[in-house]
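Here the structure is laid out as structure tokens; the discussion comes afterwards.
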There are 2 protein chains.
Amino acid sequence: MTIDVPIIEQLPELSNHDHGGCIAKAIRTAEQLCIDRGARLTPIRRKVLELLWESHRAVKAYDLLDRIKPLETSAKPATVYRALDFLIEQGLIHRVESLNAFIGCNCSDHQHELLLLICNRCQEVEERPALEVMEAVAKEIEQAGFHVHRKAIEIHGLCAQCAQLSTTGLSSQSDLI
Amino acid sequence: MTIDVPIIEQLPELSNHDHGGCIAKAIRTAEQLCIDRGARLTPIRRKVLELLWESHRAVKAYDLLDRIKPLETSAKPATVYRALDFLIEQGLIHRVESLNAFIGCNCSDHQHELLLLICNRCQEVEERPALEVMEAVAKEIEQAGFHVHRKAIEIHGLCAQCAQLSTTGLSSQSDLI
DNA sequence: AACATTATGTTATATTGTAACATTTATAAC
DNA sequence: GTTATAAATGTTACAATATAACATAATGTT
């Protein structure tokens, strides 16, 4: 006999901050930004953004779809991918290339060149502007005569808290990806 | 009436170097490395490696499969993915996360932390050790208390030669990805 | 030769993402 | 307000990417 608990419930929740504040702020920011740009944060787009902000984990498109279906019975893959496309265009979310997944973007100053720290244990993703990294990348690129359109800098490993757990012997075997 | 030419034939070939040398060297290196480690560079694995070295472009798994099928009629997706897994484990190729594709690795000294410059026009991928970038990343990560397993640093844009073509007005419209 | 290990064959299916066209909803022009 | 236009969504179908599970074959070890 097994107990059928969604995997997400089994993961450690390390965002021990007022996450409600994160969500509220993200939505408010998105609303204002869309107003300023004359872009339309429709109910579907808004819902996808909210779902992405329910945690600091990257979420897969079909997981979003499963969450939306009960609310919007007509939702299909295209529904979700279109909303994601819109949110990416507006810089409100990021695609995590190495996970085929998406996260809300909290770059306060709309600086969209950043480094993602992806924890293989708790699955949380931290965005860091990492200005010195960006400068070093810019230099390297200039040397190569390359002209940048887009950067994806994704680091996998263990976040500080999960690394702590590992050294204290509480780790599972699944953190060595 | 259309002429049915494989897309790869329509792309500019900018690797105007002795590419045969690249291939030969890569295979020789792989052979020696596998001997040293007691790993088996079987015909399938070797063929996949050779195909990845036919250009400096990232190649998709199913394109590899199409190329292998005529030679190994029993080849299936798993055939290719297993070979790719092996080659990645051995550090002989890279997965390009942002393309879901693969390239031969030429890090001479088996330094496998590197930056990929991916040209959106000619599709060529340049690996660069980018030591200063890696140092900056290491610092940033240390500040975050993060423990690295794996890095994916992928820059999309135009390589020097394609950028040149763009400014001289020979560009297509498809290079702004 | 017998056994264990590794690699490959094979079937089926899961996951991720797009194309194409129809319909609806919102915005702009009159 | 009605009409024209554009934007967004609905819908169907499918393409592209990837893995699981188990069977068979090849290789290495004793």
Side-chain angles (χ1 to χ4, degrees), chain A residues 6-8 30 34-35 37-49 51-52 58-90 92-103 123 152 174 177, chain B residues 6-8 30 34-35 37-49 51-52 58-90 92-103 123 152 174 177:
Chain A
I7 286 175
I8 192 120
C34 287
I35 289 170
R37 295 181 183 168
R40 290 165 56 197
L41 191 62
T42 62
I44 290 174
R45 292 167 175 176
R46 185 195 178 99
K47 187 65 199 173
V48 168
L49 185 61
L51 288 172
L52 285 177
V59 183
K60 304 215 152 225
Y62 276 72
D63 290 343
L64 291 170
L65 180 55
D66 290 341
R67 298 287 306 278
I68 287 174
K69 267 180 182 163
L71 311 172
E72 302 271 347
T73 46
S74 67
K76 303 272 187 317
T79 315
V80 170
Y81 280 103
R82 284 167 180 158
L84 291 168
D85 287 345
F86 170 85
L87 294 168
I88 288 170
E89 268 172 29
Q90 300 299 329
L92 294 170
I93 66 172
H94 295 290
R95 180 183 160 83
V96 185
E97 302 288 354
S98 53
L99 294 177
N100 294 335
F102 304 84
I103 52 167
Q123 313 292 333
S174 62
I177 303 166
Chain B
I7 285 176
I8 194 121
C34 286
I35 290 170
R37 296 182 183 168
R40 290 164 56 194
L41 191 62
T42 63
I44 289 174
R45 292 165 174 178
R46 185 195 177 100
K47 186 65 198 172
V48 168
L49 185 61
L51 288 172
L52 284 177
V59 183
K60 304 214 153 227
Y62 277 75
D63 291 342
L64 291 169
L65 180 56
D66 290 341
R67 299 285 308 278
I68 286 174
K69 268 180 182 163
L71 311 171
E72 302 272 347
T73 47
S74 68
K76 303 270 185 317
T79 315
V80 170
Y81 280 103
R82 283 168 181 158
L84 290 169
D85 287 345
F86 170 85
L87 295 168
I88 288 170
E89 267 171 30
Q90 300 299 329
L92 294 169
I93 66 173
H94 295 290
R95 180 183 160 84
V96 185
E97 301 288 353
S98 54
L99 294 177
N100 293 336
F102 305 84
I103 53 168
Q123 313 292 333
S174 62
I177 302 166

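Lettering of chains follows the sequences in order, A, B, ..., and the numbering in each one begins at 1.
Judged by distance alone, with hydrogens and angles left aside, the side-chain atoms of A:Arg45 form a donor-acceptor pair with the main-chain N or O of A:Arg40 at under 3.5 Å. Judged by distance alone, with hydrogens and angles left aside, the side-chain atoms of B:Lys69 form no donor-acceptor pair with the main-chain N or O of B:Leu64 at under 3.5 Å.
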task: Treat primed atoms plus P, OP1 and OP2 as sugar-phosphate and everything else as base, then score nucleotides 25-30 of chain D 5' to 3': B for base contact with protein heavy atoms under 4.0 Å, S for sugar-phosphate contact only, - for none.
output: --S---
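At whole-Å resolution of the value, CG in A:Leu71 and P in D:dG10 are 13 Å apart. One can place NZ of A:Lys76 at 14 Å from P of D:dT9, the figure rounded to the nearest angstrom. The distance from atom CG of A:Asp85 to atom P of C:dT16 is 16 Å, rounded to the nearest whole Å. Summarising the geometry, the separation between CD on A:Glu72 and C1' on D:dT9 is reported as 10 Å, rounded to the nearest angstrom. The separation between B:Glu97 atom CD and D:dT17 atom P is 14 Å, rounded to whole Å. Going from atom NZ of A:Lys69 over to atom P of D:dT9 covers 18 Å, rounded to whole Å. In this entry the distance linking CG of B:Leu87 with P of C:dT8 reads 10 Å, nearest Å.
Of the residues in residues 41-48 of chain B, those lying under 4.0 Å from DNA chain C by heavy-atom distance are B:Thr42, B:Ile44, B:Arg45. Using a 4.0 Å cut-off on heavy atoms, the residues of residues 60-67 of chain B that approach DNA chain D are B:Lys60, B:Tyr62, listed by number.
Other residues, nucleotides and ligands contribute over 12 non-hydrogen atoms within 6.0 Å of the CZ atom of A:Arg95.
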Is there any protein nitrogen or oxygen under 3.5 Å from a nitrogen or oxygen in nucleotides 20-23 of chain D, and what are the pairs?
residue: D:dA21; atom: N6; partner: B:Arg82; partner atom: NH2; Å: 3.3

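Residue A:Ala39 comes nearest to A:Gln90 through the heavy atom pair CB-NE2, 3.8 Å, listed as atom of the first residue, atom of the second, then distance.
Side-chain contact between B:Ile88 and B:His94 is absent, with no heavy-atom pair separated by less than 4.5 Å. With contacts defined as side-chain heavy-atom distances shorter than 4.5 Å, the pair B:Ile103/B:Ile93 does not qualify. Using a 4.5 Å heavy-atom threshold, the side chains of A:Phe102 and A:Leu52 count as touching.
Considering only side-chain N and O atoms, B:Thr79 lies nowhere under 4.0 angstrom from the phosphate OP1 or OP2 of C:dT8. For the pair A:Asn100 and C:dG17, the criterion of a side-chain N or O lying under 4.0 Å from OP1 or OP2 is met.
The rotation axes computed at either terminus of the helix from C:dA1-D:dT30 to C:dC30-D:dG1 lie 30° apart, taking five pairs at each end and rounding to 10 degrees.
Atom CG of B:Asn100 is separated from atom CG of A:Asn100 by 5.5 Å, given to the nearest 0.5 angstrom. The distance from atom CG of B:Leu49 to atom CG of B:Leu41, rounded to the nearest 0.5 Å, is 6.5 Å.
Listed candidates were D:dT11, C:dT16, C:dG9. Nearest to the side chain of A:Tyr81 is C:dT16.
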Pair up each side-chain donor or acceptor in residues 71-87 of chain B with any protein partner under 3.5 Å, not counting sequence neighbours, and list the distances.
residue: B:Lys76; atom: NZ; partner: B:Ser74; partner atom: O; Å: 3.2
residue: B:Thr79; atom: OG1; partner: B:Lys76; partner atom: N; Å: 2.8
residue: B:Thr79; atom: OG1; partner: B:Lys76; partner atom: O; Å: 3.1

- request: Test B:Leu51 against B:Val59 for side-chain contact (heavy atoms from CB on, under 4.5 Å), laying out the working first.
  value: CA-CA 8 Å; B:Leu51 288 172; B:Val59 183; over 6 Å; no
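Checking A:Ala39 against A:Pro77, the closest nucleotide of DNA chain D that is more toward the 5' end is the one next to A:Ala39.
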